[in-house]
Amino acid sequence: MEITGLPTPVFCGVDWAEDHHDIALVDAGGQQLAKVRISDDAAGFAQLMALLAEHGDSEDTPIPVAIETSRGLLVACLRATGRPVFAINPLAVARYRDRHSVARKKSDAVDAAALANILRTDMAAHRPLPADSELVQAIAVLARAQQDAVWTRGQAHNKLRSQLREFYPAILNAFAQHNQGLCSREARSILAAAPTPTSAAKLSRRRLQSLLKQAGHIRGIQAEAERLHEVFKRNYLHQLPQVEAALGHQTSALLRQLNTACDNAAQLEEAGTQAFEEHPDALISRSFPGLAALTGARVLAEIGDDRTRFATAGSLKAYAGSAPVTRASGKSCKVMNRKVKNQRLAAVGYVWAFNSLTRSPGARAHYDRRRAAGDRHVAAQRNLFNRFMGMLFHCLQNGHTYDEAVAFPQASAGLKATAA
């Protein structure tokens with residue numbers, strides 16, 4: 001393999017572990033030049049940099065590095081040097097290892113050499129980690145953490161709701177129509193003050209008004225307190241007194257978990273959206289219908305701001321999982337939805353497409369057309385998301401904001417004709 005600017009190519013493989021890393025260097029002919037184990041600290045990283053410099057590494061001709069992870073301090077420091085870093089899937093490394101031996105032998109040093117040889121023979125088939133800016137890397141940390149917090153909040157909510165169904169139907173009836181349900185501040189405030197149905201029935205109207213005010217409720221406090229008082233006073237089935245009290249203690253513990261999850265999600269959302277608004281791509285992303293600050297931050301976190309990361313819109317669509325995949329063999333040909341994808345980007349894509357239906361006449365017309373053609377709801381949503389990803393790629397590459405008339409010209413023309 002010939003690399004521009006590097007007369008004698010050298011490739012580095014790193015097999016990482018928790019407290020040490022095995023390093024292997026090979027040349028273009030497959031000859032192993034070095035094999036060493038370094039510690040997982042600043043001294044070990046300095047040793048690695050010295051080893052690379054000894055074998056021709058420089059700012060103009062950096063030695064590429066292959067490693068089995070895209071995260072961690074070692075990867076972050078390697079990326080900061082400006083060198084190409086390739087995150088190779090461990091399953092792929094196992095397949096490469098079997099090319100040289102069928103004895104199924106394995107060691108950290110062998111894996112490091114296998115990683116280096118992957119770059120030597122098939123570097124063009126693998127992608128280096130994108131050269132994202134420091135800001136977008138920070139947005140990725142916050143957006144992913146917030147999404148994890150939302151999922152944790154959902155799990156905590158489901159556990160609490162399952163618990164309340166066993167002995168406390170009154171609180172479920174009281175907030176059945178609330179947008180946030182048990183996650184609302186009002187529900188959590190009342191549940192903290194009255195963790196059992198017996199204690200809830202003893203709450204006075206004045207006490208309920210006070211709890212609603214503490215939760216930030218502003219309008220119609222008196223009417224809401226009256227409604228809650230009536231709900232809690234209804235006749236319900238009850239557990240035995242001691243059992244109910246025990247369930248109340250368990251409910252308080254589950255409520256504390258839910259409160260923590262809700263606070264984490266809110267704080268991370270604020271930090272993530274604030275960082276997103278500082279990024280130059282925020283203006284373009286937010287111009288799309290259905291993309292708000294939070295969803296825009298999640299999209300930017302997954303696609304990054306390295307314009308060379310995706311060569312075409314098709315590669316971005318495949319990465320997002322919105323483009324279908326074809327399996328053809330002989331007379332058999334199947335077109336299916338893509339399973340291997342960025343799950344976080346696919347998740348926010350569904351939210352994006354769903355929100356756009358009420359904000360973009362063109363998106364709504366496209367969705368209705370796909371449904372009329374026989375697509376189910378999820379398939380039609382995915383097709384709309386696929387179209388949006390192509391538009392986003394074009395806008396980011398050219399610095400344009402979203403234009404409804406250009407995105408959906410047929411729908412826009414129809415609206416103008418109707419208005420005329």
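Positions are given from 1 along the sequence.
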>> Under the criterion side-chain contact (heavy atoms from CB on, under 4.5 Å), I'd like the reasoning laid out for T152 against N264: C-alpha separation, chi angles, the key distance, then a yes or no.
In response: CA-CA 10 Å; T152 302; N264 289 341; over 6 Å; no
> So with a 6.0 Å cut-off around CD of E230, is the heavy-atom count from everything else above 12?
Replying inline: yes
> Is the side chain of H126 donor-acceptor paired with the backbone N or O of P128 at a distance under 3.5 Å, no angle test?
Replying inline: no
>> I need the Q381 CD to R370 CZ distance, nearest 0.5 Å.
In response: 12.5 Å
> What distance do Q242 atom CD and L247 atom CG have between them, rounded to the nearest 0.5 Å?
Replying inline: 12.0 Å
> After noting the C-alpha distance and the side-chain angles of D57 and T81, does the key distance pass the side-chain contact (heavy atoms from CB on, under 4.5 Å) rule?
Replying inline: CA-CA 11 Å; D57 182 72; T81 63; over 6 Å; no
> How far apart are the closest heavy atoms of V65 and V14, and which atoms are they?
Replying inline: CG1-CG2, 3.6 Å
> Can you tell me if CD on E277 sees more than 12 non-hydrogen neighbours from other groups inside 6.0 Å?
Replying inline: yes
>> Could you measure the distance from the CZ atom of R256 to the OG1 atom of T251? Nearest 0.5 Å is fine.
In response: 10.5 Å
> Is the count of non-hydrogen atoms from other residues, nucleotides or ligands lying under 6.0 Å from R371 atom CZ greater than 12?
Replying inline: yes
> What do you reckon, is CD of Q343 surrounded by more than 12 foreign heavy atoms closer than 6.0 Å?
Replying inline: yes
>> By the ring pair (Phe, Tyr, Trp, His ring centres under 6.0 Å) test, which pairs, at least two apart or in different chains, include something from residues 297-332?
In response: F310-Y319
>> Which label fits W352 and F288: parallel for a plane angle under 30°, tilted from 30 to 60°, or perpendicular past 60°?
In response: perpendicular
> Quick check: does any side chain N or O of S184 sit under 3.5 Å from a backbone N or O of A187, one acting as donor and the other as acceptor?
Replying inline: yes
>> Check whether S356 reaches the backbone of R359 with its side chain - one donor and one acceptor, N or O, closer than 3.5 Å.
In response: no
>> Would you say S199 and T196 are linked by a side-chain donor-acceptor pair, where the criterion is simply a distance under 3.5 Å?
In response: yes
> Should H394 and N398 be marked as a side-chain hydrogen bond (donor to acceptor under 3.5 Å, both in side chains) after you check the CA-CA gap, both sets of side-chain angles, and the distance that decides it?
Replying inline: CA-CA 6 Å; H394 171 79; N398 297 280; 3.2 Å; yes
>> Any side-chain to backbone donor/acceptor pair from E269 onto L294? Under 3.5 Å, distance only.
In response: no
> Does Q397 use its side chain to pair, donor to acceptor, with the backbone of R307 at less than 3.5 Å?
Replying inline: yes
> To the nearest 0.5 Å, how far apart are SG in C395 and NE2 in H400?
Replying inline: 8.0 Å
> Which atom names give the shortest non-hydrogen contact between L203 and A194, and what distance separates them?
Replying inline: CD1-CB, 3.9 Å
>> Could you walk me through whether R227 and E224 satisfy the salt bridge (charged side-chain N to carboxylate O under 4.0 Å, His left out) test, starting with their C-alpha distance in whole Å, then the side-chain angles of each, then the deciding distance to 0.1 Å, before giving a yes or no?
In response: CA-CA 5 Å; R227 184 189 72 83; E224 180 66 6; 2.8 Å; yes
> Closest approach of L164 and I171, non-hydrogen atoms and distance?
Replying inline: CD1-CG2, 3.6 Å
> Do the side chains of P169 and Y236 get nearer than 4.5 Å, heavy atoms only?
Replying inline: yes
> How many angstroms lie between atom CD1 of I303 and atom CG of L396, to the nearest 0.5 angstrom?
Replying inline: 5.5 Å
> Looking only at side chains, do R120 and N117 share a donor and an acceptor under 3.5 Å apart?
Replying inline: yes
> Got a donor-acceptor contact below 3.5 angstrom from the N158 side chain to the G154 backbone?
Replying inline: yes
> Of the non-hydrogen atoms in C12 and L25, which two are nearest, and what is the gap between them?
Replying inline: CB-CD2, 3.3 Å
> Will you find, in the side chains of D60 and S58, an N or O donor that is under 3.5 Å from an N or O acceptor?
Replying inline: no
> With under 30° as parallel and over 60° as perpendicular, where do the rings of F232 and Y168 fit, or are they tilted in between?
Replying inline: tilted
>> Surrounding CZ of R309 (heavy atoms of other residues, nucleotides or ligands, distance under 6.0 Å), is the total greater than 12?
In response: yes
> Within the side chain of N342, is there an N or O that forms a donor-acceptor pair under 3.5 Å with the backbone of L345?
Replying inline: yes
>> Could you check whether atom CG of L237 has more than 12 heavy atoms from other residues, nucleotides or ligands sitting under 6.0 Å from it?
In response: no
Quiz: residues 130-149 side-chain donor-acceptor pairs under 3.5 angstrom, not counting sequence neighbours:
from	atom 1	to	atom 2	distance (Å)
D132	OD1	D305	N	3.1
D132	OD1	D306	N	3.3
S133	OG	V136	N	3.3
S133	OG	D305	OD2	2.5
Q137	NE2	D132	O	3.1
R144	NE	E302	OE2	3.0
R144	NH2	E302	OE1	3.2
Q146	OE1	R298	NH2	2.6
Q147	OE1	R344	NH1	3.1
D148	OD1	R344	NH1	3.3
D148	OD1	R344	NH2	2.9
D148	OD2	R344	NH2	3.2

>> For a side-chain contact (heavy atoms from CB on, under 4.5 Å) check, start with the C-alpha distance between F393 and K317, then their side-chain angles and the critical distance, and finish with the verdict.
In response: CA-CA 9 Å; F393 176 84; K317 293 176 180 179; over 6 Å; no
>> Would you say CD of E270 has more than 12 non-hydrogen atoms from neighbouring residues, nucleotides or ligands within 6.0 angstrom?
In response: no
> What are the two closest non-hydrogen atoms of D15 and D108, and how far apart are they?
Replying inline: OD2-OD1, 3.3 Å
> More than 12 foreign heavy atoms under 6.0 Å from OH of Y402: is that the case here?
Replying inline: yes
> Picking from F388, Y350, F385, what satisfies side chain to side chain contact (heavy atoms under 4.5 Å, CB included) with S322?
Replying inline: F385
> Which atoms form the tightest heavy-atom contact between K233 and A201, and what is the distance?
Replying inline: NZ-O, 2.9 Å
> Do side-chain atoms of T295 reach the backbone of A292 as a donor and acceptor pair under 3.5 angstrom?
Replying inline: yes
> Step by step, would you call F45 with I38 a side-chain contact (heavy atoms from CB on, under 4.5 Å)?
Replying inline: CA-CA 7 Å; F45 184 76; I38 64 173; 6.0 Å; no
>> Main chain of A407, side chain of R387: is a donor-acceptor contact present, judged purely on distance under 3.5 Å?
In response: yes
>> With rounding to the nearest 0.5 angstrom, report the CE to OG distance, M389 to S315.
In response: 10.0 Å
> For W16, does its backbone N or O pair with a side-chain atom of E68 as donor and acceptor, under 3.5 Å?
Replying inline: no
